[in-house]
Amino acid sequence: MQETLTEAVRALKARLEAFLAARVLTSGDDWADSIGRAVSMQAAADDVVRAVVQQARQNGATWQVIGDALGVSRQAAFQRYGKPIDPRTGEPMNTTPLPGVAELAASVIEDLASGQWARVTGQFDPTMRDGLSEDALAAAWAQIVGLSGAFEGHGEPEVTRAGDLTITNTPLALEAGDYTVRIAFRDDRTIAGLHILERRTS
């Protein structure tokens, strides 16, 4: 485990040195290279955090301690850095979210907001299709609009992998209310769950 941490730190150092050695950009230059290098450093830094978290877990640190250190809940820490074991197989579970799922969730929300019910239900998996018709989806959206007014926009989704599904939780703003749209996607990009939850403010 120490070797993993050492390798992660070396990779971060190498990317930092490459970033510092690159020409400092001024206005009018191509910023794409600098942004790409900065993202690369961010990924390398996350690898260092991941290695330290794994070392902490091996030495008995709880997810609560790790979450407190990261400034997140213990569940959020586990979802980002944990290695869950599938109780069905005893094997490590896939924790990598479905690629492009944030854009997929945004597209579903925009279809809801513009009344494209058939587009949304067309992405349902068979169980969802049997349980929620196009008319029922339209009625549910109408109820939300009746309670909180017109759609104003949505934020960036939080994305997590939970077993066989990738879950997105996207903030949704209406004229007089805030909601979270929770969508569960299967790996074939079909929708296995769709919920619109009111966000409570304290």
[atom1] of [X] to [atom2] of [Y]: how many Å apart, nearest 0.5 Å?
| X | Y | atom1 | atom2 | value |
| --- | --- | --- | --- | --- |
| Thr127 | Leu132 | OG1 | CG | 12.5 Å |
| Thr168 | Arg182 | OG1 | CZ | 9.5 Å |
| Asp86 | Glu91 | CG | CD | 8.5 Å |
| Leu137 | Leu112 | CG | CG | 5.5 Å |
| Arg129 | Gln123 | CZ | CD | 10.5 Å |
| Ile144 | Glu198 | CD1 | CD | 8.5 Å |

- request: Output, in order, the C-alpha distance, side-chain angles, deciding distance and verdict of side-chain contact (heavy atoms from CB on, under 4.5 Å) for Trp117 and Asp111.
  value: CA-CA 7 Å; Trp117 322 118; Asp111 285 342; over 6 Å; no
Between [X] and [Y], which heavy-atom pair has the shortest distance, and what is it?
| X | Y | value |
| --- | --- | --- |
| Leu165 | Ala192 | CD2-CB, 3.9 Å |
| Ala77 | Ile66 | CB-CG2, 4.2 Å |
| Pro97 | Val159 | CB-CG1, 3.5 Å |
| Pro84 | Thr95 | CD-CG2, 3.6 Å |
| Pro157 | Thr170 | CB-OG1, 3.1 Å |
| Ile167 | Ala162 | CG1-CB, 4.1 Å |

field: Side-chain heavy atoms of Arg161 within contact of Thr166, under 4.5 Å
entry: yes
message: Assess whether a salt bridge exists between Arg10 and Asp47, defined as any Lys/Arg side-chain N lying under 4.0 Å from an Asp/Glu carboxylate O.
response: no
Basic-acidic side-chain contact under 4.0 Å: Arg186, Asp188: no
Between the main-chain N or O of [Y] and the side-chain N or O of [X], is there a donor-acceptor pair closer than 3.5 Å?
| X | Y | answer |
| --- | --- | --- |
| Glu175 | Ala150 | yes |
| Arg57 | Ala61 | yes |
| Arg50 | Val52 | no |
| Ser148 | Leu174 | no |
| Arg74 | Gly67 | no |

Would [X] end up clustered with [Y] when hydrophobic side chains under 4.5 Å apart are linked, directly or stepwise?
| X | Y | result |
| --- | --- | --- |
| Ile109 | Val101 | yes |
| Val53 | Val48 | no |
| Leu197 | Val108 | no |
| Leu104 | Met128 | yes |
| Val181 | Leu147 | yes |

Any chance [atom1] of [X] has more than 12 other-residue heavy atoms, nucleotides or ligands included, within less than 6.0 Å?
| X | atom1 | answer |
| --- | --- | --- |
| Glu158 | CD | no |
| Gln64 | CD | yes |
| Gln75 | CD | no |

- prompt: Should Thr190 and Phe185 be marked as a side-chain contact (heavy atoms from CB on, under 4.5 Å) after you check the CA-CA gap, both sets of side-chain angles, and the distance that decides it?
  reply: CA-CA 6 Å; Thr190 58; Phe185 292 97; over 6 Å; no
- prompt: Can you list the steps and then say if Leu70 with Arg80 is a side-chain contact (heavy atoms from CB on, under 4.5 Å)?
  reply: CA-CA 11 Å; Leu70 294 169; Arg80 182 158 189 184; over 6 Å; no
- request: Please assess Arg88 against Asp164 for the test side-chain contact (heavy atoms from CB on, under 4.5 Å), listing each intermediate value before the final yes or no.
  value: CA-CA 12 Å; Arg88 300 165 295 185; Asp164 299 330; 3.0 Å; yes
query: Glu110 pairs by side chain to side chain contact (heavy atoms under 4.5 Å, CB included) with which of His154, Arg119, Gln116?
result: His154
Listed once per pair and sorted, the ring-ring contact (aromatic ring centres under 6.0 Å, His included) pairs that draw on residues 64-95, sequence neighbours left out: Trp63-Phe78
query: Are a donor atom and an acceptor atom from the side chains of Asp46 and Gln42 found within less than 3.5 Å of each other?
result: no
